[in-house]
Colleague: 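Dropping the structure in here first, questions after.
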Amino acid sequence: MNPTLAEARSRGKPSPPPPPPKAADLLSWYDRHARALPWRIGPAARRAGERADPYRIWLSEVMLQQTTVKAVAPYFLKFTTRWPTVGDLATAAETDVMAAWAGLGYYSRARNLHACARTVAEQHGGAFPPNAADLSTLPGIGAYTSAAIAAIAFDEPIAVVDGNVERVISRVFEVGEPLPAAKAGIRALLQPLVPQDRPGEFAEATMDLGATICTPRKPACILCPWSANCRAHLAGEEEAYPVKAAKKERPVRRGLAFVARRTDGALLLRRREGRGLLGGMTEVPGSDWTARSDGEAVQPPLGVDWQEVAGTVEHTFTHFHLILTVHRAEIDRDVPAPDGTWWSPVADTPDEALPSLMKKAIEAAYPGATRPRPSQSPLADRAATNRKAK
DNA sequence: AAGACGTGGCA
DNA sequence: TTGCCAAGTCT
C-alpha cells in the first residue's frame, strides 16, 4: 500500500481517476522488453516490413490456450518441424497428430487443430481467412484466438483479450464485476486503446505486460509503463483484481487400470472413444472412473494372474481428482490381443497417443516402460536419467 | 449458462 | 504439501 495514498484516503479525499493509458507508452516499453518467442517475429523485423506467418501464429495460439509458454515451446518446434505448413498438417493422419500432441492436454484442441487445417486447405485454398469474423467460424478458434490471429498476422485493429489482458485491464480500470461475466466489459474498455498502426504488437505487448509485470501475485508496478494510469495501483489494491467467481471443490473418483506387459516388453493398449475426457487418446484397459470404487465389477482384459501394484496413481483433472489402483501382469509372447486392443512394441511407445495419466499408470506398474527412445541429445537423456535416479 | 475439458510448475 | 493457475473453446 502506497502510504501517501493511504493517508489521502484516510482523510476522506478520494483521488481523481487517472487518465486512461496510452498505447504509445506500452509500445515503447514493448520495443525494449518484448519477449523473444519461437512463433514471433521481433519488433525490428516488423519495422522492416516482415509479416508473421498465420500458420505459426494459429498453431501457437491454439497450443497456448490454458497452457504455459514453457510447456508449449517444445511442442511448437516439434509440430513446425514435422508439418511446416497448414497443408502439411492437413494431410497428416489424425492419429499422428494426436500422438504428437500427447502430454499437452485438452485433447479436443488436437482434434480441432487437425479439422481446422483440413478446412483451411480444402475450403480456403490453403490460406487462413484474414479477419477475426471468418477465423472464428473455424474449429477450435474462438473469440480470443480469432482476434489474436487477426491482429498479429493480419494487422486487424481488434481487442485481444486473454487471461493476462483481463488482469491488466481489470486493474487499470478497477473492474469490480467478477470474471468471467466481466469479459465483455473488459473488451469494451480495451478496444478504444487499440492503435490503428500496430495492433498486433499491441496485442503481444498487453499479454507480455500481464505475463511479466502485471502478474497475479506481487506485480512489478515499479516497472510498469501504465502504473500512472492504473486505478488499482494508485489505490494500492493491485492484488484485489481481477475479481473472480468462487470455484467449486473437486470431487474424487476412483478406478482400476490393468497394465499387461508381454515378455518382449510390448504393452496392451486400446483407444478411448469419442470426444469426452481424453477422447481419442490411447489408454491401458481399465474400469470406469466413479465416485465409488466399483472397479470390482470390471473384468481384467486377460484371464491371467494379476498383481496389484503397491500404492496408487493420483492425477488431478480440471473438474475431479482421480485415484487409480494399478494391476500388472506378465503375458506370454503368443497371447493374442483381445478385440479392440493391440500389443504395442516397446520401441513404439513414444509414438502412441498416451496422455500423461496413462504414462503414470504404466510407470507405476513397470518403471521405465514409457521412457523415450534415445535421442540425438545426450544432454537431455542424461537429465532424464538423473531425474529418475533421484 | 455453467460445466466439461489436462497438465506441470510454482509459492 | 496443496492449491492455484496458464495466451480458451465447446456445448
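Per chain, numbering begins at 1; letters A, B, ... match sequence-line order. As a basis for the values below, the full set of heavy atoms in this structure was taken, side chains included, without hydrogen atoms, waters or symmetry mates.
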Colleague: Assess whether a salt bridge exists between R111(A) and E94(A), defined as any Lys/Arg side-chain N lying under 4.0 Å from an Asp/Glu carboxylate O.
Modeller: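 Between E94(A) and R111(A) there is no salt bridge, as every charged N stays at least 4.0 Å from the carboxylate O atoms.
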Colleague: May I ask you to test the L269(A)-E352(A) pair for a side-chain heavy-atom distance under 4.5 Å?
Modeller: yes
Colleague: Closest to the F317(A) side chain: dT7(B), dA2(B), dG8(C)?
Modeller: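 In terms of side-chain proximity for F317(A), the closest of dT7(B), dA2(B), dG8(C) is dT7(B).
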Colleague: Could you state the atom-to-atom distance from CG of L179(A) to P of dA2(B) in whole Å?
Modeller: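 Between P of dA2(B) and CG of L179(A): 14 Å.
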Colleague: Taking atom types as they are modelled, is there a donor-acceptor pair under 3.5 Å from the base of dG6(B) to the side chain of Y106(A)?
Modeller: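 Under the 3.5 Å cut-off, the side chain and the base do form a donor-acceptor pair.
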Colleague: Considering heavy-atom distances to DNA chain C, does K244(A) or G142(A) have its closest nucleotide positioned more toward the 5' end?
Modeller: K244(A)
Colleague: For I186(A) and dG8(C), give me the distance from atom CD1 to atom P, rounded to whole Å.
Modeller: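 Rounding to the nearest Å, CD1 of I186(A) and P of dG8(C) are 13 Å apart.
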Colleague: Report which part of the nucleic acid S356(A) touches: base, sugar-phosphate, or nothing (heavy-atom distance under 4.0 Å, all strands).
Modeller: sugar-phosphate
Colleague: Classify R111(A) by what it touches in the nucleic acid, base, sugar-phosphate, or nothing, heavy-atom distance under 4.0 Å.
Modeller: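 Touches nothing.
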Colleague: Rounding to an integer number of angstrom, what distance separates dT9(C) and dG8(B) when you compare their P atoms?
Modeller: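 Rounded to whole Å, the distance is 22 Å.
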Colleague: Quickly work out the Y75(A) OH to dA6(C) C1' distance and round it to whole Å.
Modeller: 15 Å
Colleague: Can you identify which nucleotide, out of dG8(C), dG3(B), dA6(C), has its nearest atom closest to the D162(A) side chain?
Modeller: dG8(C)
Colleague: Please give the distance between the C1' atoms of dC5(B) and dA6(C) as a whole number of Å.
Modeller: 15 Å
Colleague: Can you measure L113(A) atom CG to dG8(C) atom C1' for me and round it to whole angstrom units?
Modeller: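 After rounding, the reported distance stands at 14 Å.
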Colleague: Among the candidates dT7(B), dC5(B), dC5(C), find the nucleotide nearest to the side-chain atoms of Y107(A).
Modeller: dT7(B)
Colleague: Within less than 4.0 Å of OP1 or OP2 of dA4(B), is there a side-chain N or O belonging to H319(A)?
Modeller: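 For H319(A), the contact criterion (side-chain N or O under 4.0 Å from OP1 or OP2 of dA4(B)) is not met.
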Colleague: Looking at R262(A) and L268(A), would you say the former's side chain and the latter's main chain have a donor-acceptor pair under 3.5 Å?
Modeller: no
Colleague: What is the separation between atom CG on L64(A) and atom C1' on dG6(B), rounded to the nearest whole Å?
Modeller: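 Distance check: L64(A) CG to dG6(B) C1' gives 15 Å.
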Colleague: Identify whether NZ of Lys or CZ of Arg in R253(A) sits under 6.0 Å from the centre of the six-membered ring of F320(A) and within 45° of that ring's axis.
Modeller: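 Yes.
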Colleague: For dA1(B) and dC10(C), measure between their C1' atoms and round to the nearest Å.
Modeller: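 Each nucleotide's C1' atom is 13 Å from the other's.
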Colleague: Is V62(A) touching bases, backbone alone, or none of the nucleic acid, heavy atoms closer than 4.0 Å?
Modeller: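 Here V62(A) touches no strand at all.
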Colleague: With nearest nucleotide decided by heavy atoms, which residue, G210(A) or I141(A), maps closer to the 5′ end of DNA chain C?
Modeller: G210(A)
Colleague: Using the ring of Y366(A) (Phe, Tyr or Trp, six-membered ring only), decide whether R328(A) places NZ or CZ under 6.0 Å from its centre and within 45 degrees of its axis.
Modeller: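 Because its charged atom sits under 6.0 Å from the ring centre and within 45° of the axis, R328(A) does stack over Y366(A).
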Colleague: Rounded to whole Å, please give me the gap between CD in E249(A) and P in dG3(B).
Modeller: 13 Å
Colleague: State, with a plain yes or no, whether a side-chain heavy atom of W58(A) is found less than 4.5 Å away from one of L135(A).
Modeller: no
Colleague: Check this for me, if you would: do R270(A) and E283(A) make a salt bridge, where the nitrogen-to-carboxylate-oxygen distance has to be below 4.0 angstrom?
Modeller: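 Answer for the salt bridge query: yes.
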Colleague: Rounded to the nearest Å, what distance is computed from the NZ atom of residue K70(A) to the C1' atom of nucleotide dG9(B)?
Modeller: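 My rounded result for the distance is 8 Å.
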Colleague: Using a cut-off of 4.0 Å on non-hydrogen atoms, how would the nucleic acid contact of G279(A) be classed: base, sugar-phosphate, or nothing?
Modeller: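 The residue G279(A) makes no contact with any strand.
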Colleague: Classify I149(A) by what it touches in the nucleic acid, base, sugar-phosphate, or nothing, heavy-atom distance under 4.0 Å.
Modeller: nothing
Colleague: When we call it a touch if two heavy atoms are under 4.0 Å apart, what does P180(A) touch: a base, just sugar-phosphate, or nothing?
Modeller: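 Touches nothing.
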Colleague: Nearest nucleotide by nearest heavy atom, which residue falls closer to the 5' end of DNA chain B, Q65(A) or K218(A)?
Modeller: Q65(A)
Colleague: Could you tell me whether the phosphate oxygens of dT9(C), OP1 or OP2, come under 4.0 Å of any side-chain nitrogen or oxygen in T145(A)?
Modeller: yes
Colleague: Once you round it to whole Å, what is the distance between P of dA4(B) and CG of L322(A)?
Modeller: 15 Å
Colleague: Evaluate side-chain contact (heavy atoms from CB on, under 4.5 Å) for N229(A) paired with F173(A), printing each intermediate quantity in order.
Modeller: CA-CA 9 Å; N229(A) 310 281; F173(A) 295 100; over 6 Å; no
Colleague: Between dA2(B), dA6(C), dT7(B), which one does the side chain of L278(A) approach most closely?
Modeller: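 The answer is dT7(B), which lies nearest to the side chain.
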Colleague: Can you tell which of dT9(C), dG3(B), dT7(B) lies closest to the side chain of A143(A)?
Modeller: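 Selected nucleotide (nearest to the side chain): dT9(C).
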Colleague: Considering only dG6(B), dT9(C), dG3(B), which nucleotide approaches the side chain of L277(A) most closely?
Modeller: dG6(B)
Colleague: Which of the following nucleotides, dG8(C), dT7(B), dC5(C), is nearest to the side chain of R217(A)?
Modeller: dC5(C)
Colleague: Under 4.0 angstrom, heavy atoms only, what part of the nucleic acid is A211(A) near: base, sugar-phosphate, or nothing?
Modeller: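 Counting heavy atoms under 4.0 Å across all strands, no contact is made by A211(A).
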Colleague: Name the nucleic acid region contacted by W101(A), choosing base, sugar-phosphate or nothing; use a 4.0 angstrom heavy-atom cut-off, strictly under.
Modeller: nothing
Colleague: Closest approach to the side chain of R250(A), judged atom by atom: which nucleotide of dG6(B), dC5(C), dG9(B) is it?
Modeller: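 Of the options given, the side chain of R250(A) lies nearest dC5(C).
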Colleague: Taking 4.0 Å as the cut-off, does a side-chain nitrogen or oxygen of H315(A) come that near to OP1 or OP2 on dG6(B)?
Modeller: no
